[in-house]
Amino acid sequence: MAAASPPPPVQLVAALRAARRVAVLTGAGVSAESGVPTFRDAQTGLWAEFDPLELATPAAFARNPRRVWDWYAMRRDMVGRVAPNPAHVALADLEKRIPEFLLVTQNVDGLHQRAGSRRVVELHGNITRVRCSREGTPVFRWSDDDVDAPPRCASCGAFLRPDVVWFEEMLPADALGAAEDAASRCDVLLVVGTSAEVYPAAALPILARRRGALVVEVNTETTPLSAQADYALRGPAGVVLPALVAAVRGDAASTP
Ligand code: OAD
């Protein structure tokens with residue numbers, strides 16, 4: 001049986017009911033309960049086991065393309081075998097009730113879309129997509145037959161790469177622009193399951209706060225954002241968010 005969440009603060013529920021514009025920023029923690037590992041959690045985080053400089057930079061890909069390709073192929077395979085959890089579903093449900101809504105995610109797993117979220121901006125790309133490493137063109141069919149190297153682009157012969165953002169790379173300008181616009185105009189920003197350490201995503205809550213939005217953190221742990229948030233809701237997103245959205249909906253059992 002799922003753990004019970006304390007009732008969400010009454011003023012927060014009222015603010016979400018009244019809000020016309022809501023933005024959400026999610027990180028790896030929102031997918032943790034689906035079985036997707038986070039990055040920085042001690043013991044279980046990917047960066048506790050793997051070195052990002054050897055796997056998630058352009059230089060790493062240039063040095064050892066096969067190793068980088070294989071690591072992402074392993075994660076792509078894993079993402080295909082998991083399912084959205086109640087946190088993803090609650091956010092998709094919340095979207096239906098808010099006139100202007102944008103979900104900004106740092107995750108590359110596509111689980112928000114699979115849960116039914118429609119207005120989604122992916123700041124760090126999507127691991128299920130592949131593109132040419134030279135021309136950037138999306139590639140929908142490729143063969144993993146060549147055991148010595150990643151598959152090649154059929155048009156120019158360069159290696160294919162996952163369509164994600166690596167360290168030292170720019171974020172897609174349109175995605176970042178849409179995220180900054182939503183953060184600067186929203187009434188409420190929910191920040192869910194992110195360590196709030198990686199920029200420019202970590203600047204979005206600061207921008208929202210400066211522009212007068214209510215900033216709400218949902219996280220199992222304290223983060224650098226916690227002290228600046230109007231509300232810091234402690235607990236697993238898969239428990240806290242369904243309770244919050246049920247209260248906004250006005251479900252009898254969850255109304256404080
Ligand atoms: P992190 O691994 O840095 O942080 C995950 C956060 O989720 C932590 O603050 C945890 O406390 C929290 N958390 C864990 N389980 C949770 C749960 N069930 N419910 C709520 N919170 C939970 O992941 P991100 O902040 O997403 O970038 O990391 C940002 C970026 O750094 C990633 O997109 C990735 C990484 O390096 C690239 O690969 C470019």
Side-chain angles (χ1 to χ4, degrees), residues 2-3 5 8 24-61 68 71-72 74-76 78-79 82-91 103-112 120-127 129 161-172 175-176 179 190-206 216-229 231-245:
S5 179
V24 183
L25 171 66
T26 66
V30 80
S31 295
E33 290 154 84
S34 294
V36 181
T38 62
F39 294 95
R40 289 177 187 76
D41 282 288
Q43 319 293 333
T44 57
L46 286 173
W47 297 153
E49 188 182 350
F50 301 102
D51 179 355
L53 295 179
E54 294 299 326
L55 293 163
T57 66
F61 188 64
V68 172
W71 190 66
Y72 279 92
M74 178 268 288
R75 289 177 58 207
R76 187 167 56 236
M78 185 258 293
V79 156
V82 301
N85 69 57
H88 299 107
V89 173
L91 290 173
L103 194 156
V104 179
T105 188
Q106 299 165 87
N107 298 344
V108 296
D109 55 31
L111 288 175
H112 286 301
V120 180
V121 160
E122 295 175 321
L123 287 181
H124 294 168
N126 188 309
I127 202 167
R129 293 192 304 256
R161 57 162 285 178
D163 190 8
V164 298
V165 176
W166 285 327
F167 291 104
E168 298 160 17
E169 291 187 320
M170 304 289 282
L171 272 60
L176 183 58
L190 299 178
V191 184
V192 183
T194 176
S195 56
E197 287 184 24
V198 175
Y199 287 79
L204 295 171
I206 299 162
V216 183
E217 177 179 68
V218 178
N219 201 303
T220 47
E221 309 286 337
T222 302
T223 76
L225 174 68
S226 304
Q228 298 173 59
Y231 295 94
L233 307 182
R234 285 282 154 266
V239 176
V240 173
L241 284 177
L244 180 60
V245 174

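Just so you know, ligand 1 is whichever comes first in the structure, and atom 1 is the first atom listed for that ligand.
Among the candidates Arg40, Glu217, Glu197, Gln228, the single residue satisfying the side chain to side chain donor-acceptor pair (under 3.5 Å) test with Thr223 is Glu217.
Inter-residue side-chain proximity for Val30 and His112 is flagged as met; some heavy-atom pair is nearer than 4.5 Å.
Of all the heavy atoms of Arg40, the ones lying under 4.0 Å from any atom of ligand 1 are found in both the backbone and the side chain. When non-hydrogen atoms are compared, ligand 1 lies under 4.0 Å from neither the backbone nor the side chain of Val108. Contact annotation for Val198 and ligand 1: only side-chain heavy atoms (C-beta onward) come within less than 4.0 Å of the ligand. Within the 4.0 Å heavy-atom criterion, the part of Ala32 lying near ligand 1 is the side chain and not the backbone.
Of the candidates Pro224, Ala201, Ser195, Ser195 brings a heavy atom nearest to atom 1 (P) of ligand 1. Atom 12 (C) of ligand 1 has its nearest heavy-atom neighbour, among Thr194, Val218, Asn219, Val164, in Asn219. Nearest-heavy-atom check against atom 6 (C) of ligand 1 across Pro52, Ser31, Gly193, Pro236 picks out Gly193.
The aromatic rings of Phe39 and Trp47 sit tilted, their planes meeting at an angle between 30° and 60°.
Within the 4.0 Å heavy-atom cutoff, Trp47 counts among the residues contacting ligand 1. At a 4.0 Å cut-off, not a single heavy atom of Glu197 sits close enough to ligand 1 to count as contact.
Close approach of ligand 1 to Asp41 (heavy-atom distance below 4.0 Å) involves ligand atoms 10 (C), 11 (O), 14 (C). Counting atoms of ligand 1 from 1 in the listed order, those under 4.0 Å from a heavy atom of Gln106 are 29 (C), 33 (O). Per-residue contacts place Ala28 under 4.0 angstrom from the following atoms of ligand 1 (heavy atoms of the residue considered): 23 (O), 24 (P), 26 (O). Listed by atom number, the atoms of ligand 1 under 4.0 Å from Gly27 heavy atoms are 26 (O). For ligand 1, the atoms sitting less than 4.0 Å from at least one non-hydrogen atom of Glu33 are 17 (C), 18 (N), 19 (N), numbered in the order shown with element in parentheses.
The shortest N or O to N or O distance between Trp166 and ligand 1 is not below 3.5 Å.
Under the 3.5 Å distance criterion, the side-chain polar atoms of Thr220 are left unmatched by any main-chain donor or acceptor of Pro236.
What sits closest to atom 39 (C) of ligand 1 on the protein, heavy atoms only, is Val165 O, 3.3 Å. Nearest protein neighbour of atom 13 (N) of ligand 1, counting heavy atoms only, is Thr220 OG1, 3.4 Å.
Closest approach of Ala28 and Asn107 over heavy atoms only: N-OD1, 3.1 Å.
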